[in-house]
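Notes follow the structure.
What's counted below: heavy atoms across the whole structure, side chains too, no hydrogens, waters or symmetry copies.
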Amino acid sequence: KENFDSIPDLEFNPIRGKIVHAFFDKRNLRQASDGLADEINFEDFLTIMSYFRPIEMNMDEEQLDRFRKEKLKFLFHMYDSDHDGKITLQEYRNVVEELLSGNPHLEKESARSIADGAMMEAASICVGQMGPDQVYEGITFEDFLKMWQGIDIETKMHVRFLNMETIAHCY
């Protein structure tokens, strides 16, 4: 994990800790349903990087759906820090506070209000109208899929690397 400290682009990322954690999360490594690896090898690194590969033009609808769910499962694991299968209000507050931590003009209470509002929106999308004594316990993966419906995660969550054809055109 300490090798990730030397990656310059991660140094100023507000959710750096969550990103590094995701690389060692056994759920993302497809090794187990819980726990963290102490270290990863090259194959593990490639497994994690596969979540960031761009879509291929020849994918059919079933492949695109599976590809989308894999990416969303990776994101879900980043939010579900206690590995219980739900993103609770507190877990979501932590993420929002981390994301907004670089803004000196935004107080912690404002970040908390943003998280609370987003969680209420999630509850309305996933559960609908709730009764006065009903409590929304957290976002399940099925809820997470509903919330991301219509958002083009396939083309946004990717890393493009130059291929040899692109390099050849530069000469």
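Using modelled atom types, one finds no donor on one side chain facing an acceptor on the other under 3.5 Å when comparing N94 with E98. Residues H77 and D25 have side chains that never bring a donor and an acceptor to within less than 3.5 angstrom of each other.
In this structure, S81 OG and E91 CD are separated by 4.0 Å, a value rounded to the nearest 0.5 Å. Distance check: K1 NZ to F24 CZ gives 6.0 Å after rounding to the nearest 0.5 Å. I87 contributes atom CD1, which lies 5.0 Å from atom CZ of F144 (distance to the nearest 0.5 angstrom). Rounding to the nearest 0.5 angstrom, the gap separating the CZ atom in R68 from the CD1 atom in I153 is 7.5 Å. Here CD of Q90 is found 10.0 Å from CE of M119. Values are rounded to the nearest 0.5 Å. For the atom pair CG (D80) and NZ (K86), the distance works out to 10.0 Å, reported to the nearest 0.5 Å.
Closest heavy-atom contact between F74 and A22: CZ-CB, 3.6 Å. Nearest heavy-atom pair across A122 and M147 is CB-SD, 3.6 Å. Taking each heavy atom of D34 and R27 in turn, the nearest pair found is N-CG, 4.2 Å.
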Audit row: F23, M49, side-chain contact (heavy atoms from CB on, under 4.5 Å) steps and yes/no: CA-CA 9 Å; F23 271 82; M49 292 305 294; 4.0 Å; yes
CA sep, side-chain torsions, deciding dist, call: R30, T47, side-chain contact (heavy atoms from CB on, under 4.5 Å): CA-CA 8 Å; R30 302 179 184 126; T47 297; 3.6 Å; yes
Full working for side-chain contact (heavy atoms from CB on, under 4.5 Å) between Y79 and I139: CA-CA 10 Å; Y79 290 102; I139 302 168; over 6 Å; no
Full working for side-chain contact (heavy atoms from CB on, under 4.5 Å) between D60 and Q63: CA-CA 5 Å; D60 62 28; Q63 290 170 318; 3.3 Å; yes
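For T140, the side chain to side chain donor-acceptor pair (under 3.5 Å) partners at least two apart in sequence or on another chain are D143.
Taking the six-membered ring where tryptophan is involved, the planes of H83 and H21 are perpendicular, since the angle between them exceeds 60° and thus also 30°.
Taking the side chain as every heavy atom from C-beta outward, D116 and Y92 never approach each other to under 4.5 Å. Within the 4.5 Å cutoff, the side chain of L36 has no heavy atoms near those of the K26 side chain.
Summarising the local packing, CG of D38 is surrounded by 12 or fewer heavy atoms from other residues, nucleotides or ligands at distances under 6.0 Å. The number of heavy-atom neighbours closer than 6.0 Å to CE of M120, taken from other residues, nucleotides and ligands shown, is 12 or below.
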Throw together a table of side-chain donor-acceptor distances under 3.5 angstrom for residues 104-115, partners on residues two or more places apart or in other chains.
residue: S113; atom: OG; partner: E109; partner atom: O; Å: 3.1

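Panel note: side chain Y51, backbone N28; a donor-acceptor pair is recorded below 3.5 Å. Of the possible donor and acceptor atoms, none in the side chain of K69 sits under 3.5 Å from a partner among the backbone N and O of L145. At least one donor-acceptor pair closer than 3.5 Å links the side chain of R53 to the backbone N or O of S50.
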